[in-house]
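FYI, the numbering just counts along the sequence from 1.
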Amino acid sequence: LLEYPNDPEIFKTDGQFLFGKELLVAPVVKKGAVTQKVYLPQGEWIDFNNNKTVYEGEQWITYKAPLNTIPLFVKKGSIIPMMPVMNYIHEKEDYPLSLQVYPASENQEASFELYEDDGESLDYQKNIYAKTKFTCFTKPGSYEFKISTRQDKGYVIPKDRNIIIKLHTDRKPMAVVKGKTKLAFSGMTNFLKKSEKDFISLSWSWDEKTGICLIKVPDHGKETILSVIK
């Protein structure tokens with residue numbers, strides 16, 4: 001955990017590691033163990049397995065870890081890009097790009113720069129790739145989410161693809177706005193259908209069970225700024 005070189009507790013950890021700066025993984029390596037001692041460094045850490053429990057950093061915790069559970073924590077103020085499980089590269093070329101967004105504290109920003117290449121050739125050695133930066137700034141009454149203009153460096157993103165922003169909030173937003181226009185609200189069933197086939201319109205939904213606001217944005221590689229009104 002070289003991100004925290006000045007924390008002496010870090011050197012007492014056994015087996016846990018950071019995946020990027022956003023995720024902390026603490027696999028159970030002791031045979032028969034059903035709990036795991038985990039050290040959480042500075043910051044606030046959210047249990048990725050339930051997306052609800054929040055732990056203060058700079059402390060040791062005992063985490064329940066049965067055989068089918070890997071202790072996994074995401075740092076508050078993070079954006080985690082995800083994609084569907086595939087049997088091989090490019091099995092689904094029009095898959096939606098999912099962004100798990102854990103907003104930062106008020107007046108702070110979460111950000112992530114997504115790097116993409118073809119995943120097969122050595123073109124990355126020739127600097128053939130694409131990059132897109134995502135930011136989420138937490139204001140007193142809203143979240144401002146920005147998709148920056150994509151930097152195309154020779155790698156072509158699939159023509160039809162949606163970006164699904166999954167904003168973890170404590171309550172249903174009042175509205176989602178692009179410029180002066182309110183996005184249409186869809187029920188979850190209709191929203192999920194559109195996320196697979198509709199590559200034109202913007203819309204949003206609310207998952208009551210998980211406490212996640214979902215926003216569908218067609219990925220055209222151009223700057224898009226959205227305001228999620230609390």
Subject >> Heavy-atom check, side chain of F145 versus side chain of T224, under 4.5 Å >> reply: no
Original post:
Considering all heavy atoms of both residues, which atom of I157 and which atom of A130 are nearest to each other, and what is their separation?
Top reply: CD1-CB, 4.1 Å
Subject >> Over 12 foreign heavy atoms within 6.0 Å of CG, D170 >> reply: yes
Subject >> C213 side chain near K172 side chain, heavy-atom distance below 4.5 Å >> reply: no
**OP:** Mark yes when over 12 heavy atoms from residues, nucleotides or ligands other than M188 sit less than 6.0 Å from its CE; otherwise mark no.
**Re:** yes
Original post:
Any Lys/Arg nitrogen of D219 or R150 sitting under 4.0 Å from an Asp/Glu carboxylate oxygen of the other?
Top reply: yes
Original post:
Are M82 and L23 connected, step by step, through hydrophobic side chains (Ile, Leu, Val, Met, Phe, Trp, Tyr) whose heavy atoms are closer than 4.5 Å?
Top reply: yes
**OP:** Tell me, with the steps shown, if I165 and L214 meet side chain to side chain contact (heavy atoms under 4.5 Å, CB included).
**Re:** CA-CA 6 Å; I165 302 165; L214 298 96; over 6 Å; no
**OP:** Run the salt-bridge test on E144 and K139 with the 4.0 Å N-O cut-off and return the result as yes or no.
**Re:** yes
**OP:** Could you label the plane-to-plane angle of the Y55 and F73 rings as parallel, tilted or perpendicular, counting under 30° as parallel and over 60° as perpendicular?
**Re:** perpendicular
Original post:
Do the side chains of L202 and L226 get nearer than 4.5 Å, heavy atoms only?
Top reply: yes
Original post:
Do the non-hydrogen side-chain atoms of P173 and W206 ever get within less than 4.5 Å of each other?
Top reply: yes
Original post:
So, T169 side chain and R171 main chain: donor-acceptor pair closer than 3.5 Å or not?
Top reply: yes
Subject >> T132 side-chain N/O to L114 backbone N/O, donor-acceptor pair under 3.5 Å >> reply: no
Subject >> Verdict with reasoning, F185 to F191, per side chain to side chain contact (heavy atoms under 4.5 Å, CB included) >> reply: CA-CA 9 Å; F185 178 84; F191 179 89; over 6 Å; no
Subject >> Heavy-atom check, side chain of V34 versus side chain of P66, under 4.5 Å >> reply: no
Original post:
Closest approach of Y155 and E116, non-hydrogen atoms and distance?
Top reply: CD2-O, 3.7 Å
Original post:
Taking N49 for the side chain and P71 for the main chain, is one N or O donor matched with an acceptor at less than 3.5 Å?
Top reply: no
Original post:
Step by step, would you call W45 with V74 a side chain to side chain contact (heavy atoms under 4.5 Å, CB included)?
Top reply: CA-CA 6 Å; W45 296 87; V74 58; 5.9 Å; no
Subject >> Spacing of Y39 atom OH and Y4 atom OH [to the nearest 0.5 Å] >> reply: 10.0 Å
**OP:** Taking the side chain as every heavy atom from C-beta outward, state whether P96 and R161 have any atom pair closer than 4.5 Å.
**Re:** no
Original post:
Once you round to the nearest 0.5 Å, how far does OG of S205 lie from NZ of K194?
Top reply: 10.5 Å
Original post:
Do Y95 and E196 come within less than 4.5 Å of each other through their side chains, counting heavy atoms only?
Top reply: no
Subject >> Over 12 non-hydrogen atoms of neighbours within 6.0 angstrom of CD in Q42 >> reply: no
Original post:
Counting heavy atoms not belonging to I70, are there more than 12 under 6.0 Å from its CD1?
Top reply: no
**OP:** Spell out, yes or no, whether I225 and M174 are grouped together once hydrophobic residues are joined by side-chain heavy atoms under 4.5 Å, including indirect joins.
**Re:** no
Original post:
Is there a path from I163 to I80 through hydrophobic residues (I, L, V, M, F, W, Y) whose side chains come within less than 4.5 Å of each other?
Top reply: no
Original post:
Can K230 be said to sit on top of Y143's aromatic six-ring, NZ or CZ under 6.0 Å from centre and within 45° of the ring axis?
Top reply: yes
Original post:
Between L24 and L72, is any pair of side-chain heavy atoms under 4.5 Å apart?
Top reply: no
**OP:** Nearest 0.5 Å please: distance from the CG atom of D118 over to the CG atom of D123.
**Re:** 5.5 Å
Subject >> Distance in Å, I164 CD1 paired with L99 CG, rounded so as to fall on 0.5 Å steps >> reply: 9.0 Å
Original post:
Is there a side chain to side chain contact (heavy atoms under 4.5 Å, CB included) between K75 and E44 once you walk through the steps?
Top reply: CA-CA 6 Å; K75 192 170 186 179; E44 292 180 77; over 6 Å; no
**OP:** Apply the test side-chain hydrogen bond (donor to acceptor under 3.5 Å, both in side chains) to residues N51 and Y102: give CA-CA distance (whole Å), side-chain angles for both, the deciding distance (0.1 Å), then the verdict.
**Re:** CA-CA 9 Å; N51 287 314; Y102 299 84; 2.4 Å; yes
Subject >> Check: S195 main-chain N/O paired with N162 side-chain donor or acceptor under 3.5 Å >> reply: yes
**OP:** Over all heavy atoms of both residues, which pair between I79 and S111 is shortest? Give the atoms and the distance, please.
**Re:** CD1-CA, 3.9 Å
**OP:** Answer yes or no: is there a donor N or O on one side and an acceptor on the other, between the side chain of T138 and the main chain of N107, under 3.5 Å?
**Re:** no
Subject >> Nearest heavy atoms of G15 and P27, plus distance in Å >> reply: O-CD, 3.7 Å
Subject >> Point-to-point distance, once rounded to the nearest 0.5 Å, from SG of C136 to CD1 of I147 >> reply: 11.0 Å
Original post:
So is K216 actually on top of F199's ring, under 6.0 Å and inside 45° of the axis?
Top reply: no
Subject >> Atom CZ of F19 with >12 non-hydrogen neighbours under 6.0 angstrom >> reply: no
Original post:
Quick one: do E223 and K178 make a salt bridge, cutoff under 4.0 Å?
Top reply: no
**OP:** For Q16 and T13, indicate whether the former's side chain and the latter's backbone hold a donor-acceptor pair under 3.5 Å.
**Re:** no
**OP:** Treating Ile, Leu, Val, Met, Phe, Trp and Tyr as nodes and any side-chain heavy-atom pair under 4.5 angstrom as an edge, say whether L18 and I61 lie in one connected cluster.
**Re:** yes
Original post:
Any idea which heavy atoms bring L97 and P81 closest together, and the distance?
Top reply: CD1-CB, 4.5 Å
Original post:
Transitively linked via ILVMFWY side-chain contacts under 4.5 Å: V54 with F48?
Top reply: yes
**OP:** Might you point out which heavy atoms bring E109 and F137 nearest each other, and give the distance in Å?
**Re:** CB-CD1, 3.9 Å
**OP:** Would you sort out whether D47 and Y63 count as a side-chain hydrogen bond (donor to acceptor under 3.5 Å, both in side chains), showing the intermediate values?
**Re:** CA-CA 10 Å; D47 185 346; Y63 188 87; 2.9 Å; yes
Subject >> N190 side, atom CG; S203 side, atom OG - distance, nearest 0.5 Å >> reply: 8.0 Å
